[in-house]
Amino acid sequence: MKASELKLETPFESPNTPTPSEEQIPKTETVVRSSRGSWNLINLDELWRYRELIYFLCWRDIKVKYKQAAFGVAWVVAQPLFTMVTFTFLFGRVAKMDSEGLPYSAFSFCALVPWNYFVSAINRGSLSLAGSGALFSKVYFPRLVIPIASVMAGLLDYVIAVGTLVLVLGWYGYYPQVQWLLGIPALTCSMVALACALSFWLGALNVKYRDVGHLLPFFVQLWMFLTPIVYPLSAIPKRFHLWAKLNPMTGIIEAYRSVFFNRICDWQALGISLAMTVCLLISGMFYFAKTERKFADIV
Amino acid sequence: MKHSIEVNGISKEYLIGKQIHNPYETLRETLARGITTLPKKLLHPGLLKTPTTESLWALKDVSFSACPGEVIGIVGKNGAGKSTLLKILSRITDPTEGEMRIRGRLASLLEVGTGFHPELTGRENIFLNGALLGMRKAEIKAKFDEIVAFSQVEKFIDTPVKRYSSGMYVRLAFSVAAHLDPDILVIDEVLAVGDLAFQKKCTGMMQNVANQNRTVLFVSHNLHLIRTLCSRVIMIEGGRIVQDGETEAVLPRFIRSLQARGDVSEANLKARNLWGKRSVRIDQVVLKNKQGELSWSFPVKESIVLQLNFHVIEPADGLTVTLLLSNPLTGEIVTTVKEMVTPSVIAVGNEKTMVLELPQVPLRPGDYGIQINLANGKGDQIYDWVGKEADLPFLSVTSDELDPEKRQGYFSMPSLIKESRL
């Protein structure tokens with residue numbers, strides 16, 4: 001991106017730029033009213049107009065994260081691998097956890113990769129709003145951009161981790177198949193949506209009650225053990241299955257395994273998970289819209 | 001012509017002061033309070049509406065509208081509500097009451113360099129900051145060269161901004177904002193940055209925006225700048241618009257309001273930063289003309305009498321007074337007056353006074369910023385400083401001369417024609 005190359009771009013190609021010929025066109029009118037006591041909706045149009053800001057914020061997070069780390073991307077591969085080795089030793093060897101006949105390393109790693117992404121996404125997404133006070137008090141943009149960008153910024157790490165996972169599975173003799181190409185992106189999308197939904201809720205709550213930020217690590221740890229990551233769903237007694245499936249991550253993690261190991265998918269678990277994601281996403285957006293206009297005053 | 005901004009009855013309430021419950025209460029406290037007060041609420045539904053906090057109306061019933069092409073200055077004392085108004089206009093915070101309509105793209109510059117990340121390079125920050133201000137990527141690309149040229153940091157564009165000098169940082173940040181091409185530009189006092197040449201560039205930019213039939217709203221304490229740029233001024237006091245009209249009609253009223261005795265002594269002097277050793281504290285700054293009338297405005301060659309009322313907290317080792325006059329546009333010091341009041345020790349006590357006279361002030365017509373400090377007898381240890389943040393009114397030197405050439409410079413040198421062969 002040399003300055004000289006940039007000149008090749010057609011100036012004013014964006015519809016938002018007023019050019020002399022556009023002066024006659026009626027300009028967009030923004031009406032701001034007191035929000036007291038009314039329920040607002042998220043302005044999705046506006047959010048769409050600011051989509052590039054989401055991109056720039058993600059890109060900033062990624063750049064800053066790796067700018068001064070000597071090994072850069074190596075950490076992304078090392079972290080889940082290290083966890084996998086620890087878990088394989090602890091749960092696979094010592095505790096002799098059942099892994100449905102699969103090699104324990106492969107079994108736990110293909111749950112750890114999505115789970116690690118999910119945890120870092122909700123952590124960052126929930127804390128991002130409270131950390132953006134300086135921006136909120138100085139410039140206007142749709143506030144929803146902040147948690148969305150934080151959730152998305154982890155995707156690069158996730159993609160690299162999935163690449164590592166493919167290599168590890170290859171080592172154990174599970175080679176890429178067609179359903180991986182469909183299944184992985186689809187499951188990633190549903191996980192991103194769930195992470196966004198939780199970040200809207202927890203992020204907006206955290207602006208008002210910083211307790212959320214303190215509770216989050218415990219909550220996440222507890223959640224990890226309630227999700228079939230180090231153990232298979234089949235290890236839980238049958239009568240508790242429905243309860244386990246009410247955890248939206250159960251369906252997603254089990255579905256990842258069924259994609260990677262070419263097994264039958266538990267559609268019931270995945271369906272519950274999707275339904276919960278949609279509910280959380282819509283309610284999260286309502287709650288966010290209700291509180292976002294106060295952020296600048298209380299952050 | 002259609003208005004670009006219409007503001008109807010905007011009010012903003014902030015909760016402050018004595019509060020029955022803590023606004024930063026924890027989740028546990030909220031839940032506990034909710035549960036403990038629930039029976040009471042159920043029994044007496046009327047109590048639901050009782051105010052739980054004391055509130056402050058930062059703005060009350062503010063209405064105005066602006067047309068494209070207008071440059072409007074907003075003036076008011078510290079805490080009058082100017083910044084709150086700008087925040088509401090920029091949609092950062094919500095009005096508690098009222099409604100406003102904005103036609104076109106509004107850009108606000110409440111701070112220079114919002115969202116700049118120190119680890120990123122100048123180039124990266126241009127894109128990030130531009131996107132935050134609402135520019136599209138393609139638009140930033142198209143204007144990239146212009147932005148860099150305007151900021152004069154070409155050489156360092158690929159250096160992380162944490163290595164920039166503060167001047168470079170500010171220039172780059174301002175340049176991004178200057179290329180926003182908004183229909184409405186809202187600016188808080190951000191022009192008080194950069195060197196003189198860059199400030200001129202910025203004022204030029206604002207003038208351009210207005211010439212292109214856009215609206216500029218800007219807050220400044222720099223009356224000279226307001227006089228140069230604005231055709232219309234809105235004066236705010238206590239959260240209300242007290243006057244809205246032509247610059248030359250509103251500014252005198254604003255200056256008079258600053259000159260009211262109470263203002264200079266109480267609000268501003270109390271709000272100022274504590275600076276120096278603090279053995280002596282200035283309570284009041286009074287300017288008078290030869291006749292002893294209070295005034296901050298003097299005709300050319302008139303005498304000025306400066307009276308300082310102060311109290312002594314610890315015994316002071318002598319007293320020296322220094323008066324600095326500065327150019328309000330650049331902050332450049334025009335002249336310094338320094339006089340020793342006494343070399344001997346001053347005892348602790350209240351209601352002390354000193355009077356300094358400046359006979360036949362040779363300043364050229366214009367506004368001059370005033371800073372005052374009191375130091376010890378040797379003048380090497382400052383006791384109290386009334387600086388820029390005290391918001392003292394400007395000292396205006398007026399003249400009815402019409403010769404514009406004579407307005408240049410700061411001083412009138414005595415001169416006379418000694419001889420001429422004609």
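Reminder, nothing fancy here: chain letters follow the sequence lines and each chain counts from 1.
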Original post:
In Å, rounded to the nearest 0.5 Å, how long is the span from NE2 of B/H117 to CG of A/D61?
Top reply: 8.0 Å
**OP:** For B/F116, check ring-ring contact (aromatic ring centres under 6.0 Å, His included) against everything at least two apart and list the hits.
**Re:** B/Y169
Subject >> Close side-chain approach of B/L110 to A/V139, heavy-atom, < 4.5 Å >> reply: no
Original post:
Which is it for A/T30 and B/L106 under the side chain to side chain contact (heavy atoms under 4.5 Å, CB included) test, yes or no, and what are the steps along the way?
Top reply: CA-CA 10 Å; A/T30 317; B/L106 182 142; over 6 Å; no
Just distance, no hydrogens or angles: give the donor-acceptor pairs under 3.5 Å from side chains in residues 116-125 of chain A, sequence neighbours left out.
{"from": "A/Y117", "atom 1": "OH", "to": "A/V151", "atom 2": "O", "distance (Å)": "2.8"}
{"from": "A/S120", "atom 1": "OG", "to": "A/Y117", "atom 2": "O", "distance (Å)": "3.1"}

Original post:
In Å, rounded to the nearest 0.5 Å, how long is the span from CD of A/E292 to CG of B/D94?
Top reply: 9.0 Å
**OP:** Sort A/Y55 into side chain, backbone, both or neither according to what part of it lies under 4.5 angstrom from a heavy atom of chain B.
**Re:** side chain
Subject >> Residue A/Q221 excluded, over 12 heavy atoms near CD under 6.0 Å >> reply: no
Subject >> Heavy-atom proximity to chain B below 4.5 Å, by part of A/R210 >> reply: neither
**OP:** Pick whichever of A/V212, A/L57, A/L135 has the most heavy-atom pairs under 4.5 Å with chain B.
**Re:** A/L135
Original post:
Do NZ/NE/NH1/NH2 and the carboxylate oxygens of A/E52 and B/K141 come within less than 4.0 Å?
Top reply: no
Subject >> Among A/A296, A/S132, A/S137, residue most engaged with chain B (heavy-atom pairs, under 4.5 Å) >> reply: A/S137
Original post:
Is it the backbone or the side chain of B/T121 that comes under 4.5 Å from a heavy atom of chain A, or both, or neither?
Top reply: both
Subject >> B/K137 versus chain A, the contacting section by heavy-atom distance below 4.5 Å >> reply: both
**OP:** To the nearest 0.5 angstrom, please state how far the CD1 atom of B/I92 sits from the CZ atom of A/F141.
**Re:** 9.5 Å
Original post:
Is A/M152 atom CE crowded by more than 12 heavy atoms from other residues, nucleotides or ligands, each under 6.0 Å away?
Top reply: no
Subject >> B/I140 side, atom CD1; A/F56 side, atom CZ - distance, nearest 0.5 Å >> reply: 5.0 Å
Original post:
Got a second to check how far B/L86's CG is from A/K138's NZ, nearest 0.5 Å?
Top reply: 10.0 Å
**OP:** Report the option among B/V7, B/L132, B/L120 that has the most heavy-atom pairs separated by less than 4.5 Å from atoms of chain A.
**Re:** B/L132
Original post:
Side chain, backbone, both or neither: which part of A/Y50 has a heavy atom under 4.5 Å from chain B?
Top reply: side chain
Subject >> Largest heavy-atom contact set with chain A, pairs under 4.5 Å, which of B/E6, B/E154, B/E124 >> reply: B/E124
